[in-house]
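So you know, we letter chains A, B, ... as the sequences are listed, proteins then strands, and number each from 1. As a basis for the values below, the full set of heavy atoms in this structure was taken, side chains included, without hydrogen atoms, waters or symmetry mates.
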Amino acid sequence: MSKAVLYDATLCIGCLECERACARYNSLSYDDAVSAEQQTSERKFTVVRSLPDDKYMRKLCMHCADPSCASVCPVAAMTKTKEGPVVYDETRCMGCRYCLVACPFDVPKYQWSAVLPLVRKCTMCSDRLKKGLATSCSDACPTGATITGDRDALLAEAKKRIAENPGGYVHHIMGETEVGGTSVLMLSAIPFDKAGFRPNSVYGKGPLPANTWKALSKIPDVVSLGFVALGGIWWITNRRHEVAAAELSEKKKKSTEAAKPAGGES
Amino acid sequence: MNMPKITFWRVVFALIMIAGAYATFVRITQGLGATTNLSDEFPWGIWIGFDVLCGVMLAAGGFTLMAAVHIFNAERFRPIVRPALLTAFLGYLLVVVALMFDLGFPWRIWHPLIMWNPRSVMFEVGWCVTLYTTVLALEFSPLVFERLRLERPLKIIHTIQIPLVIMGVILSTLHQSSLGSLYLIVPGKLHPLWYTSMLPVLFFVSAIAIGIAMTIFESGMSEKHLGHSLDKAIVIYLSRILLVVLIFHGVLRFRDLYKRHALGFAVDGSYESILFLAEVLLTIFIPIALLAIPRVRLSPRALFGVSTMVVIGFMINRLNIAITGMEGYAGVRYFPKWTELSVTVAIVAAGFAIFGLATKYLPIFEHGTESHEATETPAATVAKPYPAQA
């Protein structure tokens, strides 16, 4: 059963306990300066954004069902685990940064100032999930705005909350269908594109790796048909020249034979 | 006595190399942040957009001419195969050098060879670079063997030549197109003037156009600076092929924009539309209009100008995809830091220098040395005027 995180922005009070817990779990330093930052970065894997009218919106890795980052990574340093988290193996990474380019949520961050730079992002506390624990941000949340559970159950719960309080939510669950679904689900009272997300057209409904796969899956055809076609063309054109060359040397023989007596006379 | 003469260009070259060496030092000791204007918002810059995308593109002459001569038996192009092959080989070596600067862990560049992810376009790119550079080295090796008069390895290469050429053409097809496929993953990020599922096809077709344009361009350059040039008849013949490929590419490009209802973006006066117009004027409208004039096609000087325009136009195309088209989404403008530029300039300058040295010491423009091939490929004998006929 794959795990998921549900964040209900209407329950969030902006206490930043999740930010602190996240920093602790990932051994990142956390102070007033970091706390004031409104963007995720190499030193801040989750952020609670302050929006007008005492509204909040969290940002963290969405842990896509079919993650772009994992699909584009040439060395499989990014992988989707069966529990749900998308994790990063720093010993494989060669630093091409295709994951940063590809991520539809702009989640992976890079240690630009490091001489040995790594990609940094939320790992959905994959170690904790494996042990059956909730993520550290869920654990730390005093209001239950962030909770961990089975994805199916949390999706049902999210739908129930919207149905029970239709006026309190936009009727959209972020992560239900975006890029083919994600392991982080979100509820909000204000439209997501006004809370730091892109317009929904950017995400689309299907997984993005399908786009590249359409091209990649043609490689065997290009290789096999290419070999036959090019080899065949070579064989045909070369045969033509072999024949021409053979005819020429025939002629040559004849002409030298014909030229011999003439040469002998002179 | 044997000190090289100090000329203007040698001084410029030395300054470029010193700046490049300094930038390299900063890159190694302080990392990407200190050397580049890259950021989380804009993770790929000029090293990918220019060095890698344009570098591979400019190497396209290699596979185009290898295919023309060895597969399609278009013997008339034989004299230009070697310069094209040299350009391709240098192009790929320089791409690898540029990658060493761009990768966070350059010494792990071999990782994709053992850590597989066949779903990744970058994985395909990595394999193509490795395999095609090897093929190019083998295809190029006879020139070195000839120079050193090594008969045995020359024979071995000759035996496997055709499979090697076919492999080279297929790897190039895959690699040229895969650089376009890289961007298929970002439909929401790349501007609609450039994002299309046709990206791999457009990259491949434009690579063929570039292969031809680069050959004409190199011929002109060689004439100016090295005293070698191609037969005028070949250049004129190439210009016809270039015209056809450019029209094919132009129709493909605009058919695609029309089908995706993206033509409106071309005239909305935005930053993107201006760079788009620059690109299509230089790759489609102006060169096609010029090449359609017979007088232009008959003048090697005019053709040199047109091919230069096409090369610059497609460079703008690649930079538009890697940079212009991604800036709108990123919400930041990217312009390379001087250290980024100086690395690129140094790599290109090194390429020019090695090209010059190679033409000096290797039989690049000498066709007499191909006589041994003549005995094995009857086609070559056919191409030569037969004394009896004269």
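Between chain B and the options A/A76, A/A215, A/P117, heavy-atom pairs under 4.5 Å are most frequent for A/P117. Comparing A/C93, A/G226, A/G204 by heavy-atom pairs within less than 4.5 Å of chain B, the highest count is held by A/C93. When A/I236, A/L118, A/V202, A/V119 are compared by the number of non-hydrogen pairs under 4.5 Å with chain B, A/V202 comes out ahead. Interface check for chain A: of the options B/T35, B/V186, B/T173, the most heavy-atom pairs under 4.5 Å are formed by B/V186. Considering only heavy-atom pairs separated by less than 4.5 Å from chain B, the leading option among A/K218, A/E42, A/R92, A/K109 is A/R92. Most heavy-atom pairs under 4.5 Å with chain A, from the set B/F123, B/F42, B/W110, B/W44: that is B/W44. Counting heavy-atom pairs closer than 4.5 Å to chain B, the top-ranked of the candidates A/A70, A/S68, A/C73 is A/C73. Across B/P118, B/P106, B/G33, B/S120, the residue that shares the most heavy-atom pairs under 4.5 angstrom with chain A is B/S120.
For a residue to count as touching a neighbouring chain, one of its non-hydrogen atoms must lie under 4.5 Å from one of that chain's; by this rule B/S197 does not touch chain A. Using a 4.5 Å cut-off between heavy atoms, B/I162 touches chain A through its side chain atoms alone. Both the backbone and the side chain of B/V121 come within less than 4.5 Å of a heavy atom of chain A. Heavy-atom distances place no part of B/L99 under 4.5 Å from chain A, backbone and side chain included. The parts of A/P209 that come within reach of chain B are both its backbone and its side chain, each placing non-hydrogen atoms under 4.5 angstrom from that chain. Contact annotation for A/E90: only backbone heavy atoms (N, CA, C, O) come within less than 4.5 Å of a heavy atom of chain B. Interface remark: B/L38 contributes backbone and side-chain atoms alike to the contact with chain A (heavy atom separation under 4.5 Å). The contact between B/T29 and chain A is made entirely by backbone atoms, counting heavy-atom distances below 4.5 Å. Of the two parts of B/L174, only the side chain, counted from C-beta on, holds a non-hydrogen atom closer than 4.5 Å to a non-hydrogen atom of chain A. For B/P112, the parts lying near chain A are the backbone and the side chain together; criterion is any non-hydrogen pair under 4.5 Å. Of the two parts of A/S113, only the backbone, made up of N, CA, C and O, holds a non-hydrogen atom closer than 4.5 Å to a non-hydrogen atom of chain B. Neither the backbone nor the side chain of A/A77 comes within contact range of chain B; no heavy atom of the residue lies under 4.5 Å from a heavy atom of that chain. In this structure, chain A has a heavy atom under 4.5 Å from the side chain of B/E124, while its backbone stays farther away. Looking at B/P43, the atoms closer than 4.5 Å to chain A (heavy atoms on both sides) sit in the backbone and in the side chain alike. The contact between A/A114 and chain B is made entirely by backbone atoms, counting heavy-atom distances below 4.5 Å.
Using modelled atom types and a 3.5 Å distance limit, the side chains of A/K44 and A/S35 yield no donor-acceptor pair. Between the side chains of A/Y30 and A/E19, a donor-acceptor pair is found at a separation under 3.5 Å. No side-chain donor from either of A/T123 and A/Y88 sits under 3.5 Å from a side-chain acceptor of the other.
Aromatic ring centres of B/Y183 and B/W194 lie farther apart than the 6.0 Å criterion allows. A distance below 6.0 Å separates the ring centres of B/F105 and B/W107.
Formation of a donor-acceptor pair under 3.5 Å by the A/E250 side chain with backbone atoms of A/E247 is not found in this model. Checked by atom type and distance alone, the side chain of A/T237 pairs as donor or acceptor with a backbone atom of B/I71 at under 3.5 Å. Under the 3.5 Å distance criterion, the side-chain polar atoms of A/D66 are left unmatched by any main-chain donor or acceptor of A/S71. Of the possible donor and acceptor atoms, none in the side chain of A/S126 sits under 3.5 Å from a partner among the backbone N and O of A/P85.
B/K337 has no carboxylate O lying under 4.0 Å from a charged side-chain N of B/E340, or vice versa, which leaves the two without a salt bridge. Residues B/R318 and B/D51 are not paired through a salt bridge, judged by the lack of any N-O separation under 4.0 Å between the basic side chain and the carboxylate. Between B/K259 and B/D256 there is no salt bridge, since none of the side-chain N atoms of the basic residue sits less than 4.0 Å from a carboxylate O of the acidic one.
For the residue pair B/G104 and A/R97, the shortest heavy atom distance occurs at N-NH1, 4.4 Å.
No cation-pi contact links A/R198 to A/F105, judged by a cut-off of 6.0 Å to the six-membered ring centre and 45° from its axis.
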